[in-house]
Each structure stands twice: as C-alpha cells, then as structure tokens.
Protein chains: 4
Amino acid sequence: MSETLSTRDRLIANAARLFQERGYHGVGVAEILAASSAPKGSLYYHFPNGKADLALAAADWASVQLLHILDDAFADARDFQDGITTLCFKLAKLFDLSDHWRTCPISSILFEAPENVMFRDKTRTIFDDWIAAVAAKGREHGLEKSHADQLAEAIWITLQGAWNLARARKSADPIRKIPGLVFGA
Amino acid sequence: MSETLSTRDRLIANAARLFQERGYHGVGVAEILAASSAPKGSLYYHFPNGKADLALAAADWASVQLLHILDDAFADARDFQDGITTLCFKLAKLFDLSDHWRTCPISSILFEAPENVMFRDKTRTIFDDWIAAVAAKGREHGLEKSHADQLAEAIWITLQGAWNLARARKSADPIRKIPGLVFGA
Amino acid sequence: MSETLSTRDRLIANAARLFQERGYHGVGVAEILAASSAPKGSLYYHFPNGKADLALAAADWASVQLLHILDDAFADARDFQDGITTLCFKLAKLFDLSDHWRTCPISSILFEAPENVMFRDKTRTIFDDWIAAVAAKGREHGLEKSHADQLAEAIWITLQGAWNLARARKSADPIRKIPGLVFGA
Amino acid sequence: MSETLSTRDRLIANAARLFQERGYHGVGVAEILAASSAPKGSLYYHFPNGKADLALAAADWASVQLLHILDDAFADARDFQDGITTLCFKLAKLFDLSDHWRTCPISSILFEAPENVMFRDKTRTIFDDWIAAVAAKGREHGLEKSHADQLAEAIWITLQGAWNLARARKSADPIRKIPGLVFGA
DNA sequence: CATGAATGAGCGTTCATTCAT
DNA sequence: AATGAATGAACGCTCATTCAT
C-alpha cells in the first residue's frame with residue numbers, strides 16, 4: 001500500500017486485504033503490523049480495543065470501496081441491468097486478479113470473527129446499506145421502489161452465493177452469470 | 001454427542017459443529033477434544049495429519065448430512081419445486097435452532113482453512129456433488145437434463161447467499177424465500 | 001536392513017544407526033519402529049524398559065561391529081602401525097559414506113542419553129574393552145604390555161577427537177591422519 | 001546465574017550450561033526459561049527463530065569463554081608447553097567441578113542439534129577459531145607457523161578425545177595427561 | 001504521538017509408554 | 001509371541017495484549 005497513507009490508514013487497508021484472504025482468525029496482528037510497516041505498539045494507539053476494533057474499521061473501509069465500485073459501474077449505465085452487468089464484470093475481474101480467492105470482504109472479515117453482537121450488527125448494517133444503494137440505482141433508472149428493493153436483495157444474495165461457488169471452482173464464471181440469473185436468461 | 005459413537009466419530013461430529021460455528025481457525029483442537037471427551041493424543045492416532053485431516057473428515061461428514069436432508073425433503077415431494085421448498089424449510093428450521101448462526105458447513109469449514117489446494121479441491125467436489133444430487137432430483141421429477149443442471153446450480157448459489165444474509169439478519173426468512181427467487185414469484 | 005533379521009535385531013540395528021546420526025533424544029521410538037517395519041507395541045515386548053533398554057542393546061551391537069572392523073584391519077597386518085593405519089582408513093571410508101556425519105556410535109548413543117549411571121558405566125566398559133582389544137593387537141605384534149596399553153589409549157583418544165573434527169569439517173582427513181599423530185610423523 | 005545479567009544474557013548462559021549437560025534435544029525450552037526466571041514468550045522476542053537461534057548464541061558465548069580460559073592460561077606462561085599444561089589443568093578442574101560430566105560445550109551444543117547446515121558450519125568456524133588461537137599462542141612463544149598449526153590441531157583433537165574418555169571414566173586424568181601425549185612423554 | 005520490550009495463556013503437535021487382546 | 005489403539009504430559013512455538021518510556 002502507498003507510503004503516503006497514514007499509519008492508521010495503512011493498518012486498515014492491509015487488515016482488510018489480509019482478513020479477506022484468510023479470515024479474522026487466520027491473520028495475526030503481527031502480520032498486519034509488518035505489512036503496514038507499523039511498529040508493534042502502534043496498533044493499540046490507533047485502535048484501543050485491538051484486533052476487533054481494527055476489523056470493524058477494515059469492514060467499514062471495504063464497504064466504502066464496494067460502494068465506489070457500484071458507483072463506477074453505474075456511471076455510464078444505459079439502464080439498471082446494464083449497470084449491474086458492468087458491476088458483476090468489475091467484481092469478476094477483481095476476483096480473477098486475486099488468484100480466484102478474494103470474495104466478499106464483509107463476510108470474510110465479520111463472519112469469521114468471534115460471535116460478537118457488534119460484529120453481527122455491523123455486518124447487517126453494511127449488507128443493508130449496500131442493498132439500499134443498489135435499490136437506489138434501480139429507482140434512478142425508473143424502477144418502482146418495491147421492485148427495486150426486491151431486485152437489489154436478490155442481486156446481493158446471488159452475488160454472495162456466486163462468490164462462494166467461484167472460489168470453490170477457481171473461476172469467475174459464476175459472478176459473470178449473475179445478471180442472467182437475476183434478470184432471466 | 002451420543003456416547004455410543006466411537007471416539008473417531010465423536011471427534012468428527014463435534015469438529016463439524018464447532019467449525020461450522022466459528023471456522024477452522026476459530027476453534028482449537030483442545031476444545032474439540034474436550035467436547036468429544038477424548039484425550040489429547042487420540043486426535044493424532046485417528047487423524048495422523050492432525051487438525052487439517054479432521055477438518056477434511058468433518059467436511060465429508062457434513063456433506064453426507066446435507067445429502068440426507070435433501071433425500072428426506074424429496075421423500076414425499078409432489079414435484080421438484082415442492083421438494084426444494086421442503087428442503088429450504090428444513091434448512092431454515094435448522095438455522096433457527098442454531099441461534100441463527102450455523103450456515104453452510106462446507107463453506108464454514110473449508111474456506112477458513114489455510115489456503116491449501118486440498119481444501120479448495122474438496123470444497124469444489126462437495127459443492128459439485130450436491131449440485132449434481134439436486135439436478136438428479138430434478139430429472140426424477142421430469143426435468144430435462146440441461147434445465148435441471150441450471151436450476152440446481154442456481155439453487156445452490158441462492159442458498160449460499162441466503163445463508164449469508166440470514167446470518168447477518170438473524171432471520172431464516174431469506175432461506176425460506178429461496179423458492180420464490182428461483183422459480184419466480 | 002535385511003528382512004531376514006528378527007524383529008529384535010532389526011530394531012537394534014536401526015536404532016544404532018539412527019542414534020548414531022541424531023543422538024538418543026534426537027530419534028523417536030516411532031521412527032525406529034517404522035524403519036524396522038515393526039508394530040507399535042513390539043518394542044516393549046523385546047525391550048521391557050523401552051527406549052533406554054534398546055539404546056543399551058544398540059550400543060553393545062555397535063561395539064561388536066567396531067571390534068569386527070578392528071579384527072578385519074589386523075587380518076593381514078605386517079605390524080601394529082600397519083594394522084592401525086588400515087583401521088583408520090576403514091573408519092574414514094565409513095565416515096565418507098555416511099555424508100561425513102556418523103562418528104563414534106558409542107559416544108553418539110550413550111553420551112546423549114539421560115545422565116544415567118547405567119549409561120555411563122556401559123560407555124566406560126565398551127571404551128575400555130575396545131582399548132584393551134587394540135592393546136592386545138599390539139602385544140600380538142611384539143609390543144610390551146605397558147607400551148601397548150599406552151598406545152591403545154592414545155589411539156582411542158585421538159580417534160574420538162579426530163571424529164569430532166572430521167564431522168565439523170565434513171572431511172575424513174583428520175581420521176586418516178591419526179597414525180601420523182600417534183606414531184610420529 | 002547472576003540476576004544482574006539481562007534476560008537475554010541469562011537465557012544464553014543457562015542454555016549453554018544445560019545444553020552442555022544434556023544436549024540440544026535433551027533440554028526443553030521450558031527448563032531454560034525456568035532456570036533463567038524468564039517468561040515463556042520472552043525467548044521468542046530475543047531469539048525470533050527460537051531454540052535453534054538460542055543454541056547458536058549459546059555456542060558463540062561458550063566459544064568466547066573457552067578463548068578466555070586460553071588467554072588466562074597463557075598469561076604467565078614460560079613457554080608454549082607450559083601454557084598448554086596450565087590450560088589442561090584449568091579444563092580438568094572445571095570438569096571435576098561439574099560432576100565429571102561437562103565436556104566440550106561446542107560439541108555438546110551443536111553436534112546434537114538437528115542436522116542443519118548452519119549448525120555444522122558454526123561448529124567448524126568455532127573449532128577453527130580455537131585452533132587458530134592456540135597456534136597464535138605457539139607463534140608468540142617462538143614456534144614456526146607450520147609447526148604451531150600442526151601442534152594446535154593435535155592439541156584440539158586430543159582435548160576432544162580426552163574429554164570423551166574423561167566423561168566415560170568419571171576422571172579428569174585423561175585431560176591432565178594431554179601435554180604428555182602431545183609433547184612426548 | 002509513538003514505540004518496542006515484555007508477557008503468559010494457549011496453539012497444534014510429538015512423545016515414550018500402557019494395555020486389552 | 002505379538003499387536004495397534006489409546007494416553008496425557010511435554011514439546012517448541014504463536015498469540016493478542018500491556019506497559020514503561
């Protein structure tokens with residue numbers, strides 16, 4: 001990650017990436033610190049509650065990244081289906097670039113953390129925010145609210161499942177086939 | 001778990017349950033041993049390669065459980081959609097009973113394990129076996145092969161995604177709504 | 001080792017070789033059993049006191065081997081110095097063949113064992129027996145008893161030291177230079 | 001060991017002594033930590049590669065001790081033989097004080113360690129350094145270089161072998177008789 | 001605002017041994 | 001005479017965290 005970022009931001013970005021690859025328990029704080037070129041004690045300066053705090057911040061950061069990708073996908077979209085198709089191809093490309101491994105950063109980070117009410121609540125919030133953002137894109141392209149909400153949730157569910165299958169098959173095909181599944185063949 | 005099971009089987013069943021709840025790295029072998037009333041060294045007698053071996057065996061065991069649930073769901077099914085609906089309600093009930101936490105045992109066990117070729121290969125095999133089993137049910141109820149295959153894969157993707165959303169929302173509703181998504185409202 | 005040996009003899013021969021390479025604590029009974037194609041429980045049938053018993057038997061066996069090499073070296077010896085020179089070249093060759101690692105089997109086995117009176121006593125007995133055997137060769141070739149005894153002890157001391165230096169230098173040269181040291185250049 | 005030493009130095013000194021007594025595999029890190037009044041994790045702070053790192057540091061430390069003993073022995077030496085005689089008597093006394101057990105610390109530490117290229121290389125380096133230091137003493141007392149080198153190597157070989165025999169016999173006599181062997185009776 | 005030395009509970013694993021058969 | 005399943009203490013090591021500076 002760029003050296004122009006602050007120590008705090010480097011910790012967050014590296015934590016997000018590493019957790020996405022190997023899960024909350026699969027990555028030690030020492031590895032995150034080393035990847036961020038941060039000294040041992042600095043984690044607890046920036047995140048007083050330690051690893052859990054950092055994971056929550058990393059999930060927030062990853063959520064913002066996902067919303068940026070959504071916005072980019074819809075920047076030149078002719079209609080809703082076109083925007084979603086672009087989105088899926090963007091996510092598929094990222095997946096291909098990650099050795100067919102990095103899937104949903106939120107699920108990767110938060111579902112593997114200790115069964116903690118704060119972790120689960122944040123997951124729900126981020127999921128719902130993303131679904132709402134997709135639904136908003138639908139309404140912007142003329143869909144009725146209830147239809148947009150339904151489609152957005154279906155897209156999110158399908159994306160989550162496609163990520164899992166793509167990871168198992170080492171292939172982004174399931175991600176690219178999402179529009180076909182959601183909008184009909 | 002029942003005391004009538006062998007030490008090996010108790011280890012597998014407890015490992016499957018605990019990994020499903022907190023992931024491969026989130027559960028220590030000491031906890032699995034304690035839950036199984038097995039002494040420390042017996043794990044390595046039954047599973048010479050240790051925790052990784054046990055996780056693979058637990059994934060196999062969980063896969064068999066999932067296939068049994070599928071068979072049960074189709075025992076009295078009028079048609080394919082009826083069988084899938086029963087299946088989803090059975091899975092939703094299990095999810096409710098687990099404090100809204102236990103989702104796909106295969107993903108829970110194998111995606112959180114070390115990024116190991118053997119783990120990913122087994123995930124793909126079990127996923128594909130399950131999809132093939134669902135497709136077979138489809139053909140038994142008169143569906144054409146290509147249609148059955150497509151539907152089975154769509155069902156699996158949707159189930160995986162619905163499990164994720166259900167866990168975030170502490171509600172089995174997404175699981176119960178799978179038939180509506182896959183077969184059309 | 002040959003399959004014609006009894007389980008007991010295979011255990012002894014493999015234990016002697018493995019202890020010689022990595023010391024008493026450096027080799028586990030499981031490895032000795034595996035190398036001997038012997039079942040897990042059979043060690044305690046043949047050696048009721050376990051690993052320590054086996055190590056004592058292995059040291060005895062190695063001692064007999066060393067005495068055989070001594071006899072071979074003196075079979076055609078013109079005089080005492082000639083016999084010792086042949087002996088050193090034989091030992092140097094064995095050392096070369098062992099990747100420059102296997103030195104005195106007795107020291108390797110017994111000095112690394114737990115500080116046990118039985119282990120130390122056996123070491124002394126085997127050392128003294130070997131020195132006495134060399135002294136006997138001296139007397140057979142006309143040396144006076146006191147001179148033969150002194151030379152034999154000097155040879156043994158020099159051989160032990162040369163083995164150490166040879167191991168550190170990955171070269172049998174120190175072993176081949178023993179006659180020059182003991183008999184004068 | 002003195003409480004005024006740093007944790008790191010206490011670890012090294014205790015490790016050197018314990019390894020010298022029972023070999024690399026014969027001493028557990030827990031015992032070294034306990035002897036050093038150091039907590040479990042501190043070993044890996046000071047020696048990131050753990051037990052192997054500590055053994056290498058202990059060998060270096062022991063090497064320095066041996067060179068100090070050499071310097072002390074030659075502080076008031078009339079000639080080379082006198083210095084070597086003093087050295088042997090000093091080493092014999094240390095051997096007597098150790099319950100006739102502690103011999104060459106370098107061999108004790110490094111030959112019993114895993115067959116690792118780094119361990120063997122360090123053994124050779126320390127051996128050669130010690131031989132060179134003895135040869136330097138010889139030249140300081142008027143010996144020609146080639147003669148000094150030969151004598152130094154012979155002294156080292158004889159010392160190693162004498163240590164082995166002394167240990168087996170529970171007697172420092174072989175160590176005290178080294179000058180007679182090397183310089184002629 | 002930042003650091004790195006220090007901590008001890010816990011990690012997955014290996015150990016020599018025992019025992020019922 | 002021989003076996004392999006079972007055992008739990010001990011192994012070397014990693015962990016997230018604390019704290020004095």
Side-chain angles (χ1 to χ4, degrees), chain A residues 6-8 11 24-34 37-55 114, chain B residues 6-8 11 24-34 37-55 114, chain C residues 6-8 11 24-34 37-55 114, chain D residues 6-8 11 24-34 37-55 114:
Chain A
S6 70
T7 293
R8 186 172 195 279
L11 284 170
Y24 182 87
H25 286 111
V27 183
V29 293
E31 186 174 357
I32 299 169
L33 259 353
S37 301
K40 285 284 146 64
S42 73
L43 173 62
Y44 295 88
Y45 173 74
H46 295 292
F47 303 94
N49 288 345
K51 191 182 185 183
D53 263 11
L54 175 57
Chain B
S6 72
T7 293
R8 187 173 193 279
L11 284 170
Y24 182 87
H25 286 111
V27 183
V29 294
E31 186 174 358
I32 299 170
L33 259 353
S37 301
K40 207 82 195 275
S42 75
L43 172 61
Y44 296 88
Y45 174 74
H46 294 292
F47 304 94
N49 288 349
K51 192 183 185 182
D53 263 11
L54 176 56
Chain C
S6 71
T7 293
R8 188 173 192 279
L11 284 170
Y24 181 87
H25 285 111
V27 183
V29 294
E31 185 175 357
I32 299 170
L33 259 352
S37 301
K40 286 282 145 68
S42 73
L43 173 62
Y44 295 87
Y45 173 74
H46 295 292
F47 303 95
N49 287 347
K51 192 184 185 182
D53 263 11
L54 175 57
Chain D
S6 72
T7 294
R8 189 173 191 278
L11 284 170
Y24 182 87
H25 286 111
V27 183
V29 294
E31 185 174 358
I32 299 170
L33 260 352
S37 301
K40 208 81 195 276
S42 75
L43 171 61
Y44 296 88
Y45 174 74
H46 294 292
F47 304 94
N49 287 348
K51 192 183 186 182
D53 263 12
L54 176 57

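Nothing here was measured: the structure is a model prediction, and the numbers come from that model.
- Rounded to a whole Å, the CG atom of L43(A) is 15 Å from the P atom of dC19(F).
- One can place CD of E31(D) at 8 Å from P of dC11(F), the figure rounded to the nearest angstrom.
- Look at CG on D53(B): it is 14 Å from P on dG12(E), rounded to the nearest Å.
- Closest to the P39(A) side chain, of the nucleotides dT7(F), dG12(F), dG4(E), is dG4(E).
- When rounded to the nearest whole Å, the span between CZ of F47(C) and P of dT18(E) equals 16 Å.
- Taking atom NZ on K40(B) and atom C1' on dA10(F), their separation rounds to 10 Å, with Å as the unit.
- Under the 3.5 Å distance criterion, the side-chain polar atoms of K51(D) are matched with a main-chain donor or acceptor of V27(D).
- The phosphate of dT17(E) has OP1 or OP2 within less than 4.0 Å of a side-chain N or O from Y44(C).
- Within 3.5 Å, no donor on the side chain of K51(A) pairs with an acceptor on the base of dT17(F), nor the reverse.
- Shown here, dC15(F) forms a base pair with dG8(E); the pair counts as Watson-Crick or G-U wobble because both key distances fall under 3.5 Å.
- Among the protein residues, G41(D) comes within range of the nucleic acid bases, having at least one heavy atom under 4.0 Å from a base atom.
- Between dT3(F), dT3(E), dA9(E), one nucleotide has an atom nearer to the side chain of Y45(C) than all others, and that is dT3(F).
- At a threshold of 4.5 Å between non-hydrogen side-chain atoms, the residues Y45(A) and T7(A) do not count as touching.
- Residues P39(C) and L33(C) are not in side-chain contact: their nearest non-hydrogen atoms beyond the backbone lie 4.5 Å or more apart.
- The CG atom of L33(B) sits 16 Å away from the P atom of dG10(E) (whole-angstrom rounding).
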Trace of the side chain to side chain contact (heavy atoms under 4.5 Å, CB included) decision for Y24(D) with H25(C)
CA-CA 9 Å; Y24(D) 182 87; H25(C) 285 111; over 6 Å; no
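- At least one side-chain nitrogen or oxygen of H46(D) sits closer than 4.0 Å to the OP1 or OP2 atom of dA6(E).
- With rounding to the nearest 0.5 Å, the separation of NE2 in H46(D) from CG in D53(D) is 12.5 Å.
- The nearest whole Å value for the distance from the CG atom in L54(D) to the C1' atom in dC11(F) is 15 Å.
- Summarising the geometry, the separation between CZ on R8(C) and C1' on dA2(F) is reported as 15 Å, rounded to the nearest angstrom.
- Between A30(D) and A38(B), the residue anchored nearer the 5' end of DNA chain F, judged by the nucleotide with its closest heavy atom, is A38(B).
- Partner assigned to dA20(F) is dT3(E), using Watson-Crick or G-U wobble distances below 3.5 angstrom.
- Take the nearest nucleotide of DNA chain E for T7(D) and for G50(B): the residue whose nucleotide is more 5' is T7(D).
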